[in-house]
Amino acid sequence: MAITSGTNFVTEYWFDILLRIVLVGLFIELEQAEPFTRKIHEDELWLYKNPRTESYVPTTILWPLVFVMPTIVIFCVFLVYKDKTDIYQALLSVTLALGFNGVITDIIKLIVGRPRPDFFWRCFPNGQTNPDFKCNGNPIVIKDGKKSFPSGHSSFAFASFGFIALYVAGKLHTFSLIGKRQSWKLCAFILPICIALLIALSRMCDYHHHWQDVVAGSIIGYFLAYMCYRHYYPPLDSQVCHKPYAARTHQIELENARSRNEQIKWI
């Protein structure tokens, strides 16, 4: 087991930390940017005339779920295994997934500029249109109304809970030979996916997204979670799927060092 102090961690992973800071800064800037204004034709106006409702999963609930839940799971695993290398690698993995997800999702939102299902009422709060179809509602509400595709709630939910599912499956050997025939381990993998799915589906129920937005956001989020997880951990069917690559690399280095020392002694 490799043990790394906080100072050594910052020194060794300075680029990784800097990258995540840059991703957060980009995400904040992109959140303020103006999306593309897409022309709405009269024959498709019905798509955007759904009633305005409150979010079933508001951002005040979404952000704690997305950022706190993976941290709690990683910390609980650390309490069991006491592996500092694993906690560092897990945090690097999930933060990279969330960082990339936020930037990529926002870039697509700004380029596509698809109106939300309730855009009509954001644009014309009194229900009265004008000849040039120029919005007269709150500019902030209107700008947010042009960021329907893909769903940010869906992508963040699957990036976060998708990582939790993969991380737990790795620790429990759910998909390797060791964990076969134990259904509770499969349930532990499916549960986080179901939570992400409920969050994603809620975005259609409150008329904040079209079904295509939810599907695309879910795919983006889970794909990034999988890619970032695999960047730090072996495949889930591996017999050592519970160990990050960094720990295995450190073990190989120790074995090579012992081998060299033994060769020097014989010489």
Hey, does the side chain of [X] reach the backbone of [Y] with a donor-acceptor pair shorter than 3.5 angstrom?
X    : Y    : value
K146 : F36  : no
K109 : D144 : no
S218 : V214 : yes
S238 : P234 : no
S202 : I199 : yes
K243 : Y233 : no

Taking atom [atom1] of [X] and atom [atom2] of [Y], what is their separation to the nearest 0.5 Å?
X    : Y    : atom1 : atom2 : result
S151 : R203 : OG    : CZ    : 5.5 Å
L18  : L23  : CG    : CG    : 9.5 Å
Q32  : D106 : CD    : CG    : 9.5 Å
Q89  : D16  : CD    : CG    : 8.5 Å
I87  : T71  : CD1   : OG1   : 9.0 Å
L65  : H153 : CG    : NE2   : 9.5 Å

Contact between [X] and [Y] at the side-chain level, heavy atoms closer than 4.5 Å - yes or no?
X    : Y    : result
R52  : V141 : yes
P117 : L47  : no
L98  : S160 : yes

Would you please test S154 and H209 for side-chain hydrogen bond (donor to acceptor under 3.5 Å, both in side chains) and show each step?
CA-CA 10 Å; S154 303; H209 285 285; over 6 Å; no
Does a donor on one side chain sit under 3.5 Å from an acceptor on the other, for [X] and [Y]?
X    : Y    : result
S155 : N101 : yes
Y167 : D86  : yes
D213 : S148 : yes
S55  : H208 : yes
R20  : T95  : yes

Heavy atoms of other groups near [X] [atom1], more than 12 under 6.0 Å:
X    : atom1 : answer
W63  : CH2   : yes
F78  : CZ    : yes
Y207 : OH    : no
E34  : CD    : yes
I140 : CD1   : no
E42  : CD    : no

Would [X] and [Y] show up in the same hydrophobic cluster when neighbours are defined by side-chain heavy atoms closer than 4.5 Å?
X    : Y    : value
V240 : F175 : no
F27  : V24  : no
V103 : I28  : no
F119 : F124 : yes
L198 : V215 : no

Just one of L172, T174, L166 clears the side-chain contact (heavy atoms from CB on, under 4.5 Å) bar with L236, so which one?
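Output: one option passes, namely L166.
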Considering the options R122, H210, R116, which one meets the side-chain contact (heavy atoms from CB on, under 4.5 Å) requirement together with Y48?
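With Y48 as partner, R122, H210, R116 yield a single side-chain contact (heavy atoms from CB on, under 4.5 Å), made by H210.
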What are the two closest non-hydrogen atoms of [X] and [Y], and how far apart are they?
X    : Y    : result
G162 : A225 : C-CB, 4.2 Å
A188 : V168 : CB-CG1, 4.0 Å
P115 : I40  : CG-CD1, 3.9 Å
Y245 : P235 : OH-CD, 3.9 Å

When the aromatic ring centroids of F158 and F163 are compared, is their separation below 6.0 Å?
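Judged by ring-centre distance (under 6.0 Å), F158 and F163 do not meet the cut-off.
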For V77 and Y81: C-alpha separation, side-chain torsions, deciding distance, then whether side chain to side chain contact (heavy atoms under 4.5 Å, CB included) applies.
CA-CA 6 Å; V77 171; Y81 293 97; 3.5 Å; yes
Determine, stepwise, if the pair H231 / S93 fulfils side chain to side chain contact (heavy atoms under 4.5 Å, CB included).
CA-CA 8 Å; H231 188 65; S93 176; over 6 Å; no
Mind telling me whether Y226 and Y222 have parallel, tilted or perpendicular rings, with 30° and 60° as the class edges?
parallel
Side chain to side chain contact (heavy atoms under 4.5 Å, CB included) evaluation trace for M227 with F100:
CA-CA 11 Å; M227 290 297 294; F100 275 137; over 6 Å; no
Check the pair Y232, L96 against side chain to side chain contact (heavy atoms under 4.5 Å, CB included), reporting the backbone distance first and the verdict last.
CA-CA 11 Å; Y232 291 92; L96 186 62; 4.3 Å; yes
